[in-house]
Number of protein chains: 2
Amino acid sequence: MNIGQAAAASGLPAKTIRYYEEIGLIRPMRDTNGYRAFAQADIHKLAFLARSRALGFTIEECRALLGLYEDESRASEDVKRLAQEHLERIDVKIGELRSLRATLGDLVSSCAGDHRPDCPILNDLASGPPARKRR
Amino acid sequence: MNIGQAAAASGLPAKTIRYYEEIGLIRPMRDTNGYRAFAQADIHKLAFLARSRALGFTIEECRALLGLYEDESRASEDVKRLAQEHLERIDVKIGELRSLRATLGDLVSSCAGDHRPDCPILNDLASGPPARKRR
DNA sequence: ATGAGGCTTCCCGTAACGGGAAGGTCAAGC
DNA sequence: GCTTGACCTTCCCGTTACGGGAAGCCTCAT
């Protein structure tokens, strides 16, 4: 299996697969012509990585997860902790975005959005970031 | 006012201020010794930028907003549209994160997290990203 | 033999800065 | 007058996870 087929089978772009090899996430064999030769085990790893990345894990977390995946003597505790930390990061991020969304939503709805220059959005922006706690 | 004071007054790190000058967001004067000399107008712009960035606008959006801010003949419509688009991006992002959070939350709570190797999280990851629609 | 795809490596660009080096400047204290 | 320490300057590298594109080899079908 060369890289095009590995890409189709794993759902990852060829560029990404090459990158994963470069940073040592996978180590496919090489044919005599220099082409990468992917074994089924490689395809499985790639699919694992694709899914992990899709769930938002960073590359380094994926590396750790892959290590745990291949370690028969792992403790599920270690896996869970990684996922838990990621989950918390997501919650923090959601919180930040919701806060942003609220502020921005207020501003947007307070702006007439017509041909006149007066704009509460610009007024808010011009009031700067410090001393911004006046509710 | 040199850069340290401008930083304190605007709430932006000096590094960021230099960067903003480099990409043409501001154009402070220079003293004879080569030090940047910030006028009040520059401080206002910096505060505007700090607030805009804090609201999640990209640098290019900030550039546009700053342009509108300084354009007395602007239409608030243009400002509102920029903010509206940003708002929609935020909503999309929140949606994605919530979806992720749901999936990840299920996985985390399904994992025993003990010393044993069995782990539903790894099982899920190993099932790859394609054909993942089976509810 | 030639053309169309694949494959290879290599290098640049992304967003928005942060860290740190090497060196000039300024105000204060001795 | 000199030194110290706190500023300031420019410059260059590193970050995340790849994507785009060039230059060139391999293979198969016409």
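Numbers restart at 1 for each chain; the letters A, B, ... are given by sequence-line order, proteins then strands.
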So, OP1 or OP2 of [N]: does either fall under 4.0 Å of a side-chain N or O from [X]?
X       : N      : value
B/Asn33 : C/dC26 : yes
B/Arg36 : D/dT9  : yes
A/Tyr20 : D/dC18 : yes

Under 30°, 30 to 60°, or over 60°: which ring-plane class applies to A/His86 and A/Phe57, parallel, tilted or perpendicular?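 Judged by the thresholds at 30° and 60°, the geometry between A/His86 and A/Phe57 is tilted.
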Would you kindly give the [atom1]-to-[atom2] distance between [X] and [N], to the nearest whole Å?
X       : N      : atom1 : atom2 : result
B/Leu55 : C/dA16 : CG    : P     : 15 Å
B/Glu60 : C/dG13 : CD    : C1'   : 15 Å
A/Asp31 : D/dC25 : CG    : P     : 19 Å
B/Leu12 : C/dC17 : CG    : P     : 8 Å
B/Arg53 : C/dC17 : CZ    : C1'   : 9 Å
B/His86 : C/dA15 : NE2   : P     : 16 Å
A/Tyr19 : C/dT8  : OH    : P     : 18 Å
A/Ile59 : D/dG14 : CD1   : C1'   : 17 Å

Per-pair distances, 0.1 Å, donor-acceptor, side chain in residues 90-100 of chain A, under 3.5 Å, sequence neighbours excluded:
unit_1: A/Asp91; atom_1: OD1; unit_2: B/Arg101; atom_2: NH1; d: 2.9
unit_1: A/Asp91; atom_1: OD2; unit_2: B/Arg101; atom_2: NH1; d: 2.6

Is there a side-chain contact between A/Tyr20 and A/Leu49, using heavy atoms and a 4.5 Å cut-off?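 They are in side-chain contact.
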Is there a side-chain contact between B/Ile59 and B/Arg53 (heavy atoms, below 4.5 Å)?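 They are in contact (side-chain heavy atoms under 4.5 Å apart), so the answer is yes.
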Please work out if A/Arg18 contacts a base, only the sugar-phosphate, or nothing of the nucleic acid, heavy-atom cut-off 4.0 Å.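 Since a base atom lies under 4.0 Å of A/Arg18, the category is base.
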Grab the two heavy atoms, one from B/Pro120 and one from B/Leu107, that are nearest each other, plus how far apart they are.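 Closest pair (atom of B/Pro120, atom of B/Leu107, distance): O-CD2, 4.1 Å.
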Restricting to ring pair (Phe, Tyr, Trp, His ring centres under 6.0 Å), what partner residues turn up for A/Phe38, sequence neighbours left out?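 In terms of ring pair (Phe, Tyr, Trp, His ring centres under 6.0 Å), with neighbours along the sequence ignored, A/Phe38 is linked to no residue.
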Would you list the protein and nucleotides 3-7 of chain D atom pairs, both N or O, that sit under 3.5 Å from each other?
unit_1: D/dC7; atom_1: O2; unit_2: B/Tyr35; atom_2: OH; d: 3.3

First encountered from the 5' end of DNA chain D, between A/Thr58 and B/Arg30: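 Its nearest nucleotide lies further toward 5', so the answer is B/Arg30.
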Side chain of B/Lys15 only, please: which of D/dC18, D/dG20, C/dG19 is the nearest?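 Side chain of B/Lys15 sits closest to C/dG19.
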Around atom CZ of B/Arg27, are there more than 12 heavy atoms of other residues, nucleotides or ligands at under 6.0 Å?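 Check fails, neighbour count at 12 or below.
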